[in-house]
Each structure stands twice: as structure tokens, then as C-alpha cells.
Amino acid sequence: MKLDKPLLVFDHDGTLHDSVRIFGPAMRAGVQWLHENGHEDVPFFSDEKIAKCLGMNANDIWKTLVEDMTEELAGKVTVVVGKEMRKIMDAGTAKWFDECYPMLDELKKDGYHMVMLSNCQKDMARYYWNHFKMEKWFDKFYDCESYDYQPKTEIIKHVIDDYEGGRAIMIGDRSSDFDCARAVNIPFIGCAYGFAAEGELDGADALAQSPLEIAEIVKKLT
């Protein structure tokens, strides 16, 4: 598909989704499951520590939090966490940041095509898509599982190819999103309201202090 305007590639967690609201309790449910299955040495993690892992794929999250965890065990506890996340979302706890809806409405009205690029798994991507009714704004949700858990820096190349190598802008809150932009030489809008550590977004083409600022910055960059 060839576009008249740059494609907008959004990260999800920390960019649109205030995900620590569901990810924190779900991760602690995962730790509780580990305790019940003979791994009492794994500590309960604070929201602050969990937030630093948002944006990673599931295996990398557990390797970061528990260095000696096997891939087999990480896979099992990831299933537990995923089920707990969906339960929490069904209860109505999941929430996008307040200004996301008017920002996306404005960009859609102005004729921008938008896609989602996330390190989440396929079933969670489908769940997010349905839960937030994302088809209203987005063409597609690119998840890491559908691309054999390649890093986002590789998946974004497939995204660009799908739009005939046209112009694009990457929008996200973590260094992994910035790396995506660098990988395909496109502008990067860093979301300073998300879960980035201090200095993590240094060098971004622009910083958004709130979701609503994204629309204004996109127009300036294009």
C-alpha cells in the first residue's frame, strides 16, 4: 500500500496503554504461581521494577527479573500472567492514557494511516485489538510472536515493506522503539509520559509530554 502521508507506527504499552495497571497485579500473580510450584526464592516485584520491563517480550522480561530462570519455566509462568491479564481486563481495569482517544481521532481525521508494533504475543495482540476497538484507528497490529519473536528492529522492516517502503514515523516510550526508528532511518517521537528511564529517550526527534501532543508533533514533522 502506497500512502500520501507518513505511516505512523505506534508502540502500545506505555505509549497508549497505561499497562502497569494490569501488568503489575498479573506479574505478582505469576510470582505467586511460582511460589506454589517450588520457586519460593522469586521475590514479589514492585510496580516500579515491573514498569522497567514493559516493552520487552515475555522471555526477556523473566530473564531480566530472574536471571537463572529456564526458558521452559518462563514459558509456563508467562501463560499464567497472560490469563491473569485477560481476567483483569475483563473486569474493566485496562485503560489507555486519557488523551489517547482525541489524539487518535485527530490523526485519523487528518488522513494518517496507523499501525501498532508491540513485543506482545499474538493472543494478547488480538485481545487488545478487540478490547480497545482498535480497528477504528489502526490498519494492523504487528506482534512479535507472528514474526518468530524477532526484535522490533527487524519487524519494523516488514512493516515498512508492507507500505511499499514509504515514509514513516515511530512513536514510543522506550529505547527499543527508538532503536526501531534508527533501524529504518525514520523520525522518532519519544513519549516522555511513559515508562522510560531518565535519559532513555535522549536524541529523539521530538518528545511528547502527553498523548495529545503527539498529533501536533506529527504535523510539525510532516
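Positions are given from 1 along the sequence.
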Can you find a side-chain donor-acceptor pair between D162 and Y142 that sits under 3.5 Å? yes
Side-chain heavy-atom pair Y101, P211 within 4.5 angstrom cut-off: no
Quick check: are there more than 12 heavy atoms from other residues, nucleotides or ligands sitting under 6.0 Å from NZ of K95? yes
Are V159 and F188 co-members of a hydrophobic cluster defined by side-chain heavy atoms under 4.5 Å apart? yes
Which residues share a ring-ring contact (aromatic ring centres under 6.0 Å, His included) with F132, sequence neighbours left out: H12, H17, W96
Mind checking the CG-CE spacing from D13 to M124? Nearest 0.5 Å is all I need. 9.0 Å
Any side-chain to backbone donor/acceptor pair from D18 onto G14? Under 3.5 Å, distance only. no
Is there a path of hydrophobic side-chain contacts, each under 4.5 Å between heavy atoms of I, L, V, M, F, W or Y residues, that connects I189 with F178? no
Distance col, row T78:OG1 vs E71:CD, nearest 0.5 angstrom, shows 10.5 Å
Please step through side chain to side chain contact (heavy atoms under 4.5 Å, CB included) for the pair M114 and L7, ending with a clear verdict. CA-CA 6 Å; M114 295 176 274; L7 174 70; 5.9 Å; no
Around E36, counting heavy atoms of other residues, nucleotides and ligands shown, do more than 12 lie under 6.0 Å from its CD? yes
I'd like to know if L3 and Y112 are part of one continuous hydrophobic network [Ile/Leu/Val/Met/Phe/Trp/Tyr, side-chain heavy atoms within less than 4.5 Å]. no
Closer than 3.5 angstrom, by distance alone: can the side chain of D177 be matched with the main-chain N or O of R174 as a donor-acceptor pair? yes
Quick one: CG on D139 to CE on M134, what's the gap to the nearest 0.5 Å? 11.0 Å
More than 12 heavy atoms of other residues, nucleotides or ligands under 6.0 Å from CG of N185: yes or no? no
Identified side-chain contact (heavy atoms from CB on, under 4.5 Å) counterpart of W62 within the set D60, V66, T64: V66
Carboxylate-amine/guanidinium contact K157 E154, below 4.0 Å: yes
Side-chain contact test, heavy atoms from C-beta onward, threshold under 4.5 Å: evaluate it for F45 versus R28 and give yes or no. no
Counting distance only, does the side-chain N/O of E200 pair as donor-acceptor with the main-chain N or O of A197 below 3.5 Å? yes
Please examine the side chains of V115 and L8, heavy atoms only from C-beta on, and report whether any two atoms are closer than 4.5 Å. no
Can you measure from CD (E40) to CG (L34) and round to the nearest 0.5 angstrom? 9.5 Å
Looking at K87 and E84, is any side-chain nitrogen of the basic one under 4.0 Å from a carboxylate oxygen of the acidic one? yes
Which pair of non-hydrogen atoms, one from P187 and one from A168, has the smallest distance, and what is that distance? CD-O, 3.4 Å
Should the heavy atoms of other residues, nucleotides or ligands under 6.0 Å from NZ of K108 be counted, would the total exceed 12? yes
Nearest heavy atoms of G190 and A204, plus distance in Å: N-CB, 4.1 Å
Going hydrophobic residue to hydrophobic residue with side-chain gaps under 4.5 angstrom, can you get from M85 over to V77? yes
Quick one: list whatever passes side chain to side chain contact (heavy atoms under 4.5 Å, CB included) with D105, sequence neighbours left out. K136, W137
Separation between CG of L117 and SG of C144, rounded to the nearest 0.5 Å: 9.5 Å
With a 3.5 Å cut-off and no angle check, do the side chains of Y128 and S118 form a donor-acceptor pair? no
Least distance between heavy atoms, P6 atom then T222 atom: CG-CG2, 3.3 Å
Is the NZ or CZ atom of R21 both under 6.0 Å from the centre of the six-membered ring of F23 and within 45° of that ring's axis? no
Look only at the side chain of K49 and the backbone of L65, and say whether a donor-acceptor pair between them is shorter than 3.5 Å. no
Are side-chain N/O atoms of D173 and Y193 paired as donor and acceptor at under 3.5 Å? no
Side chains of K5 and D110, heavy atoms from C-beta outward: is any pair under 4.5 Å? yes
Residue pair A206 / I217: nearest heavy atoms and the distance that separates them: CB-CG2, 3.5 Å
Verdict with reasoning, V31 to M27, per side chain to side chain contact (heavy atoms under 4.5 Å, CB included): CA-CA 6 Å; V31 173; M27 286 292 288; 5.7 Å; no
In the structure I gave you, are the side-chain heavy atoms of I171 and C191 within less than 4.5 Å of one another anywhere? yes
Judged by atom type as modelled, is there a donor-acceptor pair below 3.5 Å linking the side chain of E106 to the main-chain atoms of M103? no
Thinking salt bridges, do D123 and R86 make one under a 4.0 Å N-O criterion? yes
Could you tell me which non-hydrogen atom of P25 sits nearest to which non-hydrogen atom of I88, and how far apart they are? CB-CD1, 3.8 Å
Criterion side chain to side chain contact (heavy atoms under 4.5 Å, CB included) on Q121 and Y149, from CA distance to verdict: CA-CA 9 Å; Q121 294 173 303; Y149 295 98; 3.2 Å; yes
So do K152 and N119 actually touch side chain to side chain, heavy atoms under 4.5 Å? yes
Determine whether more than 12 heavy atoms belonging to other residues, nucleotides or ligands lie under 6.0 Å from atom CD of E164. yes
Kindly write out the residues that satisfy side chain to side chain contact (heavy atoms under 4.5 Å, CB included) with V79, not counting sequence neighbours, or none if the list is empty. K83
Are the side chain of E99 and the backbone N or O of L212 linked by a donor-acceptor pair below 3.5 Å? yes
Is there a side-chain contact between M89 and Y127, using heavy atoms and a 4.5 Å cut-off? yes
Within this structure, what is the CG-CZ distance for the pair L221 and R167, rounded to the nearest 0.5 Å? 11.0 Å
Atom CD of Q209: over 12 foreign heavy atoms under 6.0 Å: yes
Do you know which two heavy atoms are closest between I186 and M170, and how far apart they sit? CD1-N, 3.7 Å
Hey, does L201 have a side-chain heavy atom less than 4.5 Å from the side chain of S175? no
Pair K63 + E67: basic N to acidic O under 4.0 Å: no
Centroid-centroid under 6.0 Å between F138 and H113 rings: no
Do I169 and V9 pass the side chain to side chain contact (heavy atoms under 4.5 Å, CB included) test, and can you show the C-alpha distance, the side-chain angles, and the key distance before you say yes or no? CA-CA 6 Å; I169 297 173; V9 184; over 6 Å; no
Report the C-alpha distance between S146 and D143 in whole Å, list the side-chain angles of each, state the deciding distance to 0.1 Å, and finish with yes or no for side-chain hydrogen bond (donor to acceptor under 3.5 Å, both in side chains). CA-CA 6 Å; S146 296; D143 66 90; 2.8 Å; yes
Given the rule that I, L, V, M, F, W and Y join up when any side-chain heavy atoms are under 4.5 Å apart, are F44 and M69 in one cluster? yes
